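This structure is a prediction, so every number in the text was calculated from the model and none was measured.
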Amino acid sequence: MIRGFYQAASGMITGQRQTEMLGDNLANIHTPGHKGDHGPMRTFPNMLIQAMNNGDTGANGIIGDIPTGVYMQERVPDSRQGDLRETGAGTDVALLQGVLEPDADTGEPGMLLFAVQEEGGDVQYTRNGNFAVDGQGFLTTGAGDYILGTDGEPLEVGNEGFTLEADGEITADSGAFVGQLEIAHAPDPLQLVKTGSGLLQYDGEALEELPSAVGDDAYPYELQQQFLERSNVDIGQTMTDMTQAYRQFEANQTVLQAYDQNMQRTVNDIGSIG
């Protein structure tokens with residue numbers, strides 16, 4: 001009976017974690033470039049039950065195996081391309097990712113990202129192209145982090161009248177060439193860790209160690225000014241998954257309460273004997 005407690009509890013914990021993940025996906029449904037998470041479900045190894053009191057310890061004594069519970073693995077980002085939406089704003093840039101060749105080590109096609117420099121100098125990445133121009137004329141994210149060029153330096157566009165070509169070349173309102181927007185290639189999207197404000201950190205490698213997609217035919221892309229990439233979260237599927245997670249949680253909760261009532265009755269009955 002105690003084993004049943006653990007199985008029901010593991011189901012409740014898994015349902016809770018799944019609901020939290022789906023809630024985060026729904027909360028960012030309107031965040032440009034947001035990549036939703038999904039969490040694969042796994043079962044703990046089954047337990048083999050074997051009869052010990054019949055003297056047969058061979059195959060004939062095996063009763064069978066029983067599951068010992070479920071758990072949700074770590075969140076895995078969904079790197080699929082989101083739909084594009086025209087905004088008409090000159091500081092909005094959508095990154096349209098082409099078909100990438102799978103990485104030789106991971107077998108994954110990877111993901112293309114904008115390179116961003118935080119206030120402290122650390123380099124992170126984002127797919128959120130909802131940019132702005134700060135008071136010094138630098139191209140930034142909505143949170144004020146600098147957008148980097150291929151030379152690793154912030155791009156000084158002057159004002160919002162700049163022009164962005166499909167390959168990432170930027171020309172200022174005055175006609176002067178500003179620079180080339182850096183597009184970085186993350187070979188393994190599973191190594192991208194969300195750090196907040198739409199930023200991603202590549203675990204284990206610095207920006208200069210990541211291959212640049214600029215000028216590399218293996219990583220085709222196209223940039224579209226005055227467009228934004230939508231979140232790739234499917235709201236209909238997410239709502240369905242959340243309803244299912246709620247029902248699984250409630251079912252496991254009912255089982256746990258039944259076990260608790262049986263245990264309570266057993267203790268009371270034993271206590272009343274004699």
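Atom-to-atom distance recorded for L139:CG and T91:OG1 is 8.0 Å, nearest 0.5 angstrom. L26 contributes atom CG, which lies 10.0 Å from atom CE of M21 (distance to the nearest 0.5 angstrom). Atom OH of Y146 and atom CD of E156 lie 9.5 Å apart (nearest 0.5 Å). Going from atom CG of D92 over to atom CD of Q225 covers 9.0 Å, rounded to the nearest 0.5 Å. Here the NE2 atom belonging to H38 is positioned 10.0 Å from the CG atom belonging to N25, to the nearest 0.5 angstrom. Distance check, rounded to the nearest 0.5 Å: CD of Q224 to OG1 of T87 gives 11.0 Å.
The closest side-chain heavy-atom distance from F249 to Q18 is not below 4.5 Å. R75 has its side chain out of reach of K194: every pair of non-hydrogen atoms, C-beta onward, lies at least 4.5 Å apart. Taking the side chain as every heavy atom from C-beta outward, Q97 and Y221 never approach each other to under 4.5 Å. Looking only at side-chain heavy atoms (C-beta outward), L100 and L112 come within less than 4.5 Å of each other. Using a 4.5 Å cut-off on side-chain heavy atoms (C-beta onward), Q261 and R265 make no contact. No side-chain heavy atom of I183 sits under 4.5 Å from any side-chain heavy atom of Y219. For the pair Q117 and D145, the minimum side-chain heavy-atom distance is 4.5 Å or more.
Between the side chain of D167 and the backbone N or O of E169, at least one donor-acceptor pair lies under 3.5 Å. Put simply, the side chain of N28 gets close to the backbone of D24: a donor and an acceptor are under 3.5 Å apart. A donor-acceptor pair under 3.5 Å links the side-chain atoms of N252 to the main chain of Q248, judged by distance alone. Side chain of S197 to main chain of L199: no donor-acceptor pair is present (N/O by atom type, distance under 3.5 Å, no hydrogens or angles). A donor-acceptor contact shorter than 3.5 Å is absent between the side chain of E119 and the backbone of G144. R127 places a side-chain N or O within donor-acceptor distance of the main-chain N or O of L95, the cut-off being under 3.5 Å.
Atom CG of D217 sits in a sparse spot, with 12 or fewer heavy atoms from other residues, nucleotides or ligands closer than 6.0 Å. Other residues, nucleotides and ligands contribute over 12 non-hydrogen atoms within 6.0 Å of the CG atom of L190.
Scanning both residues, V133 and G158, for their nearest heavy atoms gives CG1-O, 4.0 Å. Between M41 and T14, the closest heavy-atom pair is CE-CG2, 2.9 Å. Of all heavy-atom pairs between F131 and T141, the closest is CD2-CA, 4.4 Å. The shortest non-hydrogen separation linking Y125 to A115 is CD2-CA, 4.1 Å. The nearest pair of heavy atoms linking A8 to V255 is CB-CG1, 4.1 Å. Shown here for N232 and Q81, the closest heavy-atom pair between the two residues is CB-O, 4.3 Å.
Y246 and M12 fall into different hydrophobic clusters, where Ile, Leu, Val, Met, Phe, Trp and Tyr are joined by side-chain heavy atoms under 4.5 Å apart, directly or via other members. Both I170 and L223 belong to a common hydrophobic cluster when Ile, Leu, Val, Met, Phe, Trp and Tyr are linked at side-chain heavy-atom distances under 4.5 angstrom. At a threshold of 4.5 Å between side-chain heavy atoms, the hydrophobic network of Ile, Leu, Val, Met, Phe, Trp and Tyr places F138 and V116 in two separate groups. Clustering ILVMFWY residues whenever any of their side-chain heavy atoms sit less than 4.5 angstrom apart, transitively, puts V123 in a cluster other than the one holding L181. One hydrophobic cluster, built from ILVMFWY side chains closer than 4.5 Å, cannot hold both L256 and V70; they sit in different ones.
Using modelled atom types, one finds no donor on one side chain facing an acceptor on the other under 3.5 Å when comparing T140 with D134. Donor-acceptor pairing under 3.5 Å is lacking for the side chains of N268 and Q264. Under 3.5 Å, the side chains of S212 and E182 contain a donor-acceptor pair of N or O atoms.
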**Report entry** CA sep, side-chain torsions, deciding dist, call: L148, F114, side chain to side chain contact (heavy atoms under 4.5 Å, CB included)
**Finding:** CA-CA 8 Å; L148 299 180; F114 300 112; over 6 Å; no
Requested in this report: Start with the C-alpha distance between Y202 and L113, add both sets of side-chain angles, then the distance that settles side chain to side chain contact (heavy atoms under 4.5 Å, CB included), and finish with yes or no.
Outcome: CA-CA 11 Å; Y202 196 77; L113 302 153; over 6 Å; no
Requested in this report: Evaluate the side chain to side chain contact (heavy atoms under 4.5 Å, CB included) criterion for residues M111 and L200: first the C-alpha distance (whole Å), next the side-chain angles of each, then the deciding distance (0.1 Å), finally the verdict.
Outcome: CA-CA 12 Å; M111 187 164 63; L200 301 164; 4.3 Å; yes
Requested in this report: Evaluate the criterion side chain to side chain contact (heavy atoms under 4.5 Å, CB included) for residue pair L84 and E229; output intermediate values, then yes/no.
Outcome: CA-CA 4 Å; L84 302 190; E229 179 187 3; 4.0 Å; yes
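For the side chain to side chain donor-acceptor pair (under 3.5 Å) with T195, the qualifying choice from E118, Q201, Q124 is Q124, the only one to do so.
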